[in-house]
Protein chains: 2
Amino acid sequence: MSEVAQLADVSPSTVSLYLRRPDEVSSRRAERIQMAIDKLSYLPNTMAGGLASSRSNIIGVIVPTITFSFFSETLETLERNLRAAGYQLLIGNTEFDASREEELIRSILSWNPSGLVLTGFSHSRKSVSLLSNSDIPIIEMWDYGQEGLDMVVGFSHRTCGRLVAEQLMRSGYQHMAFLSTNFQRDIRANERYQGFHDAIAATGGSVLVRELTGRSNTAEAGQLLCTLVNDHPEIQAVFCSNDMVALGAMLECQRQGWAIPERLAIVGFGNQDFTDSTVPPMTTVEPPRQAIGEHIARLLLDRLKGGNPEKRIDLGIKLIVREST
Amino acid sequence: MSEVAQLADVSPSTVSLYLRRPDEVSSRRAERIQMAIDKLSYLPNTMAGGLASSRSNIIGVIVPTITFSFFSETLETLERNLRAAGYQLLIGNTEFDASREEELIRSILSWNPSGLVLTGFSHSRKSVSLLSNSDIPIIEMWDYGQEGLDMVVGFSHRTCGRLVAEQLMRSGYQHMAFLSTNFQRDIRANERYQGFHDAIAATGGSVLVRELTGRSNTAEAGQLLCTLVNDHPEIQAVFCSNDMVALGAMLECQRQGWAIPERLAIVGFGNQDFTDSTVPPMTTVEPPRQAIGEHIARLLLDRLKGGNPEKRIDLGIKLIVREST
DNA sequence: TTGAAAGCGCTAACAG
DNA sequence: CTGTTAGCGCTTTCAA
């Protein structure tokens, strides 16, 4: 920067001012500075700036996974909305490992971020204390219904499970199964199961659970379903923890010659692109993947500007009823 | 840090040393320092450290998209391998927009990263000059066959297209189509088409191309395929730019009652989880999604340690021949 | 509107 | 092994 200043024949602090608030610099010097910048291909050093101002343009985001999941769409939307305001996303993924979260929180906080976005409400004691020691805006996303550390943007997975159950019961199904990937570690899939189970149990229906051992594994979903239906022929409908599992279930039905939905109704979760093309089209749940990103960006930016926006946003889900139920 | 030093009754530089190379500090003081750190829940300021050492533990990665794509698996693997060595990924996505790349390169370079990973060989003139002004290790990934700025880890998409063509021709197909998402902007899909086309044209076969307007859109793939086959009944095999498009094509065949592969053979790209469960199982191409991440980590770490590893790695692809062809 | 001066919190010689 | 000293490259008063 001092080189730029020298070449433009101004003081370093004028260059700094020009970079941050160009219109507070006289146009004559502004021009000279810009020329010097171009000539030297000067790139400001973000770390020096961050240190001096004790702020950074970083927003940390911690998600369980970025691989083929709904989170990636939230991330993309969030990034797009924050980028415009000059913020950078620092993404960490826990791979559904709780202890990783604490580590990531530490590592992100050490960057002095302007804000932090977490997935869900479940954090280690130590994480919570780390977070409460920092005074940056914090958002817990992709869930809803608990207190929250600061702000919350998401939807209730329990309600989601209940809505699916009610829809299935309205169609006359009574004996159901819940087919889940990562059931032990994915708290939100668990919550959906709870809501699903409770609504059904309350009317005297039954729900069986089966967990896949691998990650979202279409083939395994098929095998599990096959065993399940052979062992429990009374099962009429299956709610899957995501659309890929549901696809696996549907393809298995096709192989077994089980008519959908007459022999077996299938419900997915995610409303991924392909769900309207399956044969028959898949009933599924649309989580507010992008809306979550948009609202987080809005809350964060408002807060960083000194505003005092809502603390909790329930974006709900949309039940997409198609011919697989 | 000075607070920690004070509480532990040592000098700040001893604390700093303890944090960076714990075994160079006597165990007595080490213990005292650790206690002080815990007591104060001290978090080091990464930016101050980075500024002082004029290094950072950041590795920048620029990908076209992180949404439901193969890149996300490379990212996850890369992250896992670099994390162990203390590096953080700073991820930027261009959304297949070339001008975004330059912007991202600027913004990442301003963080003083230890390394930079780009997708493919196509960069603006300005980007190239920015990159050559910096002396950090640079890796271009997910492609192979051109010079490269520094290091290259990937595979040849042209060869991939040729291999698929040869496989199809061996099975006796002569009239083909290439169904692509993002054909205009996705250079690598284009390369696959070229390799595919050239191999087929050389033997007197024909290839038609159709591009989807949206992003990986299963439903649209079905519609396009339907029109295409009705207009050009001679078509016998379709190579899709990714597995989701191929899924859409297969589901459309099911709806139309076109037997796979008798009426129409389908080939995907990606070897995603679900491809072995479709009816019939899908012939597809497995790109080295994870291997790319592993090798990049290895090259980067070697280089950052002062080593001089290979410049170019061709990881090739694997043709997964199943019953859809 | 501009510039001089004083740090931001840490690391990196170096001397002890 | 430990402490002293001098910055890293910028931002931020504050005075001109």
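Owing to the predicted nature of the structure, the values given are computational and were not obtained by experimental measurement. Protein chains get the first letters and strands the later ones, always in sequence-line order, with residue 1 at the start of each.
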* For chain B, the stretch of DNA chain D it reaches, first to last nucleotide, under 4.0 Å of its heavy atoms -> dC1(D) to dG9(D)

Among residues two or more places apart or on two chains, list those pairs meeting salt bridge (charged side-chain N to carboxylate O under 4.0 Å, His left out) that have a residue in [range].
| range | value |
| --- | --- |
| residues 87-98 of chain B | R80(A)-E95(B) |
| residues 53-67 of chain B | none |
| residues 112-137 of chain B | none |
| residues 5-25 of chain A | R21(A)-E24(A) |

Donor-acceptor pairs under 3.5 angstrom involving side-chain atoms of residues 136-143 of chain A: please list them, not counting sequence neighbours.
residue: E140(A); atom: OE1; partner: L149(A); partner atom: N; Å: 2.6
residue: E140(A); atom: OE2; partner: H123(A); partner atom: NE2; Å: 2.8
residue: W142(A); atom: NE1; partner: T74(A); partner atom: OG1; Å: 3.1

* Sub-4.0 Å heavy-atom contacts from residues 26-38 of chain A onto DNA chain D, ordered by number ->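 Within this stretch, nothing sits under 4.0 Å of the strand.
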
By salt bridge (Lys or Arg N to Asp or Glu O under 4.0 Å), which residues pair with [X], not counting sequence neighbours?
| X | answer |
| --- | --- |
| R29(A) | none |
| D150(B) | R303(B), K311(B) |
| E79(A) | R83(A), R100(B) |
| E102(A) | R106(A) |

* Structure fact -> B/S/- along nucleotides 10-16 of chain C (protein heavy atoms under 4.0 Å) is BBB----

* Identify whether any heavy atom of D23(B) sits under 4.0 Å from a base atom; if not, whether one sits that close to sugar-phosphate; answer base, sugar-phosphate or nothing. => sugar-phosphate

* **CD1 on I62(A) to CD1 on I108(A), rounded to 0.5 Å** => 4.0 Å

* To the nearest Å, how far apart are L51(B) CG and dC8(C) C1'? ->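 Going from L51(B) (CG) to dC8(C) (C1'), I get 9 Å.
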
